[in-house]
Each structure stands twice: as C-alpha cells, then as structure tokens.
Amino acid sequence: MPDFIFRAHRFFFALLLLLAVVNIERSWAALDDLPLIGEKFPFTITASSKSLAKSLEDVVKQQRKESPSYEDVDRIRRAGRFDRDIILRWLRSEGYFASTLTTRIENNRIYHQVVEGPRYVIEELKIEFPPDVSPPPLESLPIQKGKPLRAEDVLAGQNAVRDFATEQYCFFEVNVTYDAEVNHSSRKAFVTYILAASPQVKFGEMELNGLSSIEPDYLRHYVTFKPGECFKRREIELTRLELLQTNLLSRVDIHLGEPSDGTVPITFEFAERNHRTLKAGVSYDSNIGPGVTLGWEHRNLFHRGEKLDTQAKVSEIKREIKGELTLPHFYRKGQTLVLHSNLTHEIPDAYESTAGEVGILLSRELKQNWSASVGSTLEFSRMIENEQKNDFALLSFPLGLDFIRTNDLLDPRYGWALGIQTRPFVDLYNTGTRFVKTTIVASAYLTESDWWGQPTLALRAASGTISGEALDAVPAAHRYYVGGGGSVRGYAYQSVGSLTEGEPDGGLSFGETAVELRLRFGGNWGMVLFVDGGYAYPSKSPGFAEDFLWGAGIGARYFTSFAPIRLDLATPLNKRRQDKDGVEDDSLQLYISIGQAF
C-alpha cells in the first residue's frame, strides 16, 4: 500500500477510535460521580444485582438531565425526593410492584437502597373484539403470558393490536385500550386489550375547495385512495403529505364527514402558495474563482403543476443560460417529461467550448425507490483544443437507472443511492464518429445519532468508461475529468489525470472515491473531515486506485432550513512539482457552496 494511502487510512482510524473513546468515557459511572466535574447532588444506588443498580443509575441521570423540574432543585433533600419518584416509577414499570426503597443522606451525598422483591408475571392475557371481528392470535403479540409485567411490553402489545385492526379491517375509528390488573397476594398480573366497536366503511366521494389556479383533477393524482376502497386513516395522512410535497400548496386540511350508507365523504380545504420564485446563489472555488447563479421558476405554468425553471450561471470559466420545462404525471401517474435547452461557453484549461443543446427526457417511477429514464439530446458545439478547432453535431440517447433510499437529497444522513447512466453518441457531421459513455455512482450514509457529535460516515465511489473511439476522437467536453470541488478536493479543477504541457487531456475512463466524517454541534453548526481520491485515465479501463491522487481536508457546515452551506479547505496528499510532473499543485484549495459534497 502506498505510503500516502496508509497515512490517510491511519488518520481516519485514529479519528474514529478517538470518537469512540469519547463516547465510552461519557458513560463511565465513576467519572460521573466525581464532584470535580460539577455534578449536582451526587448519589449512589445499591441493589441485589449490579445490573439493576446500573439501570437505575442511568435512568436517574437521564431524568436529571432532561427534566425541567430538576433544574429548580436547590436542596439535597428535594433532589432525594426527585430521585425516589423516578426510581419507584421505574421499578413499577418493570414489574417490581413489591419493591421497597430506603433513602438517606450522608456527607452531602444521597444513598438509595433498593430491595426489588419478586417480579410480577402475567397470569392471563386476553383480547376483546366486537362479536363479528376476529382478534389477532395471542402468540403474535410482543407481550406473552408467563413473562414479567413490563409497561413497555404492555404498550407494544396495544400498538400491535391497533395495527392488526387497522390492517385487517375498515373501521372508521380504531380505538384500542387496555386493562392491567395485579393481584398482590399471588403476585400475578392480568392484561386485557379491548377494541371499541366502530362501523366498517369505505372511502366516499371527494370534494376539493379553495383552489384558484390549480386544476382539481391534477391534485387527484396525489390522493392515495379512491372512492369505494377500504377506509384507512393512514391514507389520509399520506395524502396530506403527498399534496404538501407538490410545492404548490401552503395548507392542506382534510375533513371527514360522518359515515353514511357505509361510506365516508372527504372534504379537502386548500390554500395555494405563490407559484413564482426568484432565486440567487453564489459559490467560490480558489482555483476557478467566484460563481453567481440567478434563476426564476414558475411551478404551475399551465395549471397542472408544470414547472418552468430558467437559470443563468456566470463564473470565470463558464457562462451558461438554460431552461427546463417539467410536465409531471405525463400520461400516467409517476411519469415525468422534461424538455430542456441551454447555451454554454466554457474556457477551462483543457479546452474552449461554445455549445447549444436541446433535449427531451422521459422518467418513470418503478418500484419503491427505483426510477428509470430515457431521452434524446441534440447538441451543436465548437471545440478548440490545442489550437485546433472542431465542430460537432452530437445526437445522444441517455438511458438511466437510479435507486435512491436516503432521508434527504441535499443533506443525507441515512441510506444509500446508486445511479447508472449509459449514453450513446453519434456525430451527425461525421457519422463515423460514434461512442458510448457509461457512468456509475454509488454512495452510502451511516449515522450514530446517540454519539457525541451525531457522526455521519459518508462514502462515495464513482467510475465510468467511454467506448467506441480513441481519446482524440471524443469531443473534449465529453471526456472524463477529475479534480476540484465536486470531485477530488485539494487539486485544481479537472487536473487529476494525464497532462500535456500542464493542461488536462481528459480521459476515456475514471475512478473516484471519497470518505467523509460529518459532525454536528449545537443546532446549526457542523464540521467535516474528508479524504478524496481519483484519476482520469487515457484508456477505457479505469485503474481503480492505481495512479490515484489523494486529497484531504476539513470543512465547516451551517445547516439552514433547506440545505447546509458548505465551506471546505483541502490539501493535496500527492503534491506535484512543476519540474517533475509538469504542474505545480497549490498547498490549499478553498470551496464554498450549498449542499453536502455528496
């Protein structure tokens, strides 16, 4: 293993080990008992078993930390009474109904002596449903006869009975209560779950009110139920969420009428949002300078949620104007048609390009989290590379398959995503020029919310290949490039790959990988430690870590209501020298943008 990879891996291993140690130390009871760290009214709990005493200590500490009433406790006897209430309630919740608790105060410390006594067990478990309704089998419940009577299990059983009734029947109301009795002489418990009688009904007709510019039939696409279907209250909340996510409505109220003739009429009351938005954004890259984006969008152009999005972007190396018209639910639910066009002028180190493009893309939701797309794009461009001017008329047919199972697109903390796109090209000016560009990108996210800093481990890998033509025959703007803020941080834009007189050649293939450790502090601030690696290869077979250049760095995050603002500072771990490599890498690169790096 190359030394720079070893150093990077060793750095992350040490960091993760330190983070784990910090979290372990936070739970050490011995440290918590030291007056030197400012503990308010120290205490000790003894019981017949160390595990029981430890559980009680954890509960008391948690309640002291979270309960607002404990903040006002200013005397040790009041603290003792607070602890006693917590301990006795916890013992009862775990089935210790015959327990005793002795509390004394010595040397400014509270001592709790617990005698838990025998644990009450469940002698009888019953479910009472209306006469014409079958209850779930007792063995399917998370609470069982002969087990200790625990409050957590009783509530879990209640939820299980409620879920069963909701799934299997069409009740207008699902009201499940429980009755738990204890016999102190026999130390036995008797638990009964009771489902209140309610009519079984179906969804009735829907009435939509409050709309001024949105066609009612369009919003019906987002209703998750149909008249005549089995009534399920969860579908009401799912529909409310679906409607709010259209970004067309500011308020959605759903009113249920009284059941009549076996159906429930539904009334929707809406308040529309302003459908027009002006947008502005800024970015900064120490290699390519500042960038400005201005945009305007209309989210209900033809009264059925059609979105027109226009943008103008300006930076030192790129000027772009683009427009995009999105037609949702195109001929069927879950199918979207996008018409797009743009004019672009680019002047990176590798080439100069002036291009105009028009295209169409049809995407469809498949199974849960899966989507597929197919389209066609026509691009007219003029490329200048190594003082050679070439004109192209590229007709392409992008095909895509995506799996996205993350909690958030701009700030993912859980889940994973996979995207595959293949795009055949043909040059209409020279039909002998044909090539196929295929790219695959995968990312995964794991968060430990209970740890200090709520750390998120984020991983990303990407690779691609171009087949059918030699490197020189592929237009420069359509080759692969690696390096910069959206790729391998720490290196100049597009510079990680083979170079000719210090300028990037681009590649027929590439490989990239990235690892980030994301931490959060307080409400809105966070930091990131990262390592990126990658390379653009002149051959159509990527080397996968062979010849990779690596960068590492640290970043700050400020979390807003829509996305985090990102500031990253990176350094190259394989710094190149002008006299040896033909290029001189800067020691630091700065990146400012919106959204996580991936």
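Counting heavy atoms from C-beta outward, T344 and K318 have side chains that approach closer than 4.5 Å. Residues Y491 and V482 form no side-chain contact, since every pair of their non-hydrogen atoms from C-beta on lies 4.5 Å or further apart. You'll find the side chain of L301 reaches within 4.5 Å of the side chain of L325, heavy atoms only. You'll find the side chain of Q494 stays beyond 4.5 Å of the side chain of D349, heavy atoms only. At a threshold of 4.5 Å between non-hydrogen side-chain atoms, the residues V282 and P290 do not count as touching. Considering only heavy atoms from C-beta on, R434 stays 4.5 Å or farther from P424 through its side chain. D217 places a side-chain heavy atom less than 4.5 Å from the side chain of R304. Under the 4.5 Å side-chain criterion, counting only non-hydrogen atoms from C-beta, F268 is in contact with V223.
Here the side chain of R319 pairs a donor or acceptor atom with the backbone of S315 at under 3.5 angstrom. Formation of a donor-acceptor pair under 3.5 Å by the H298 side chain with backbone atoms of R276 is not found in this model. Side chain of E272 to main chain of S212: a donor-acceptor pair is present (N/O by atom type, distance under 3.5 Å, no hydrogens or angles). Under a 3.5 Å cut-off, the side chain of N300 and the backbone N or O of S213 do form a donor-acceptor pair. With hydrogens and angles disregarded, no donor-acceptor distance shorter than 3.5 Å links the side chain of D581 to the backbone of V583. Looking at T465, its side chain never comes within 3.5 Å of a backbone N or O of S541 through a donor-acceptor pair. Judged by distance alone, with hydrogens and angles left aside, the side-chain atoms of Y351 form no donor-acceptor pair with the main-chain N or O of P475 at under 3.5 Å. Remark: side-chain polar atoms of D586 are not paired, donor with acceptor, to backbone N or O of L588 under 3.5 angstrom.
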- Task: Please step through side chain to side chain contact (heavy atoms under 4.5 Å, CB included) for the pair M527 and I554, ending with a clear verdict.
- Result: CA-CA 7 Å; M527 67 172 292; I554 187 170; 3.5 Å; yes

- Report the C-alpha separation of T513 and W550 in whole Å, then their side-chain angles, then the decisive distance to 0.1 Å, and conclude whether the side chain to side chain contact (heavy atoms under 4.5 Å, CB included) test is met. CA-CA 9 Å; T513 186; W550 296 85; 3.7 Å; yes

- Message: Does F270 form a side chain to side chain contact (heavy atoms under 4.5 Å, CB included) with I214? I'd like the steps, not just the answer.
- Response: CA-CA 10 Å; F270 298 117; I214 306 172; over 6 Å; no

- Query: H340 and T377: side chain to side chain contact (heavy atoms under 4.5 Å, CB included), yes or no, with the steps?
  - Reply: CA-CA 9 Å; H340 59 90; T377 299; 3.9 Å; yes

- Assess whether side-chain hydrogen bond (donor to acceptor under 3.5 Å, both in side chains) is satisfied between S487 and Y481, documenting all intermediate values. CA-CA 9 Å; S487 178; Y481 295 90; over 6 Å; no

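One finds the CD atom of E320 at 8.0 Å from the CD atom of Q311 (value rounded to the nearest 0.5 Å). Note that NZ of K389 is 5.5 Å distant from CD1 of I384, once rounded to the nearest 0.5 Å. Atoms CZ and CD1, on F510 and I466 in that order, are 9.5 Å from each other to the nearest 0.5 Å. Here CG of L294 is found 11.0 Å from CD1 of I321. Values are rounded to the nearest 0.5 Å. The CD1 atom of I317 sits 4.0 Å away from atom CD1 of I288, with the distance rounded to the nearest 0.5 Å. Taken from OH in Y429 to CG in D391, the straight-line distance is 6.5 Å, to the nearest 0.5 Å.
K279 and T293 share no donor-acceptor pair across their side chains, judged by distance under 3.5 Å alone. A donor-acceptor contact closer than 3.5 angstrom links the side chains of S286 and Q589. Side-chain contact check for T447 and Y445: no donor-acceptor pair (N or O, by modelled atom type) lies under 3.5 Å. No side-chain donor from either of E242 and T224 sits under 3.5 Å from a side-chain acceptor of the other. No side-chain donor from either of H275 and R299 sits under 3.5 Å from a side-chain acceptor of the other.
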Which pairs would a plain distance check flag for residues 327-334, meaning a side-chain donor or acceptor within less than 3.5 Å of a matching protein atom at least two apart in sequence or in another chain?
| residue | atom | partner | partner atom | Å |
| --- | --- | --- | --- | --- |
| H329 | ND1 | G334 | N | 3.1 |
| H329 | NE2 | Y222 | OH | 3.1 |
| K333 | NZ | H221 | O | 2.8 |

Solution key, residues 353-370 side-chain donor-acceptor pairs under 3.5 Å, sequence neighbours excluded:
| residue | atom | partner | partner atom | Å |
| --- | --- | --- | --- | --- |
| T354 | OG1 | H345 | ND1 | 2.9 |
| R364 | NE | Q335 | OE1 | 2.9 |
| R364 | NH2 | Q335 | OE1 | 2.7 |

Side-chain donor-acceptor pairs under 3.5 Å in residues 392-406, sequence neighbours left out?
| residue | atom | partner | partner atom | Å |
| --- | --- | --- | --- | --- |
| S396 | OG | R423 | NE | 3.0 |
| S396 | OG | R423 | NH2 | 3.1 |

Could you tabulate the donor-acceptor pairs under 3.5 Å formed by side-chain atoms of residues 496-504, not counting sequence neighbours?
| residue | atom | partner | partner atom | Å |
| --- | --- | --- | --- | --- |
| S498 | OG | D505 | OD2 | 3.4 |
| T500 | OG1 | D505 | OD1 | 2.7 |
| T500 | OG1 | D505 | OD2 | 3.1 |

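By the side chain to side chain contact (heavy atoms under 4.5 Å, CB included) test, E269 pairs with N209, R251, D253, H255, T267, sequence neighbours left out. In this structure, the side chain to side chain contact (heavy atoms under 4.5 Å, CB included) partners of L567, at least two apart in sequence or on a different chain, are L590, I592.
In plain terms, the two heavy atoms of V515 and L457 that are nearest each other are CG1-CD1, 4.0 Å. D585 approaches N574 most closely through the heavy-atom pair OD2-O, 3.9 Å. Looking at every heavy atom in both residues, S381 comes nearest to E379 through OG-OE2, 3.4 Å. Contact between A442 and L418 at its shortest, heavy atoms only, is CB-CD1, 3.9 Å. Across all their heavy atoms, A514 and F598 have their closest contact at CB-CE2, 3.7 Å. Between A563 and I594, the shortest heavy-atom contact is CB-CG2, 3.8 Å.
At a threshold of 4.0 Å, the pair E324-K322 does not count as salt-bridged, since none of the basic side-chain nitrogens sits closer than that to a carboxylate oxygen. We find that R576 and E584 are not joined by a salt bridge, their nearest charged nitrogen and carboxylate oxygen being 4.0 Å or further apart. Between E237 and R240 there is a salt bridge, with a side-chain nitrogen of the basic residue lying less than 4.0 Å from a carboxylate oxygen of the acidic one.
For the side chain to side chain donor-acceptor pair (under 3.5 Å) with Q454, the qualifying choice from E448, R413, R518 is R413, the only one to do so.
W525 has its ring centre less than 6.0 Å from the ring centre of Y558.
Surrounding NZ of K540 are at most 12 heavy atoms belonging to other residues, nucleotides or ligands under 6.0 Å away.
Geometrically, R489 does not engage Y591 in a cation-pi contact defined by less than 6.0 Å to the ring centre and at most 45° from the axis.
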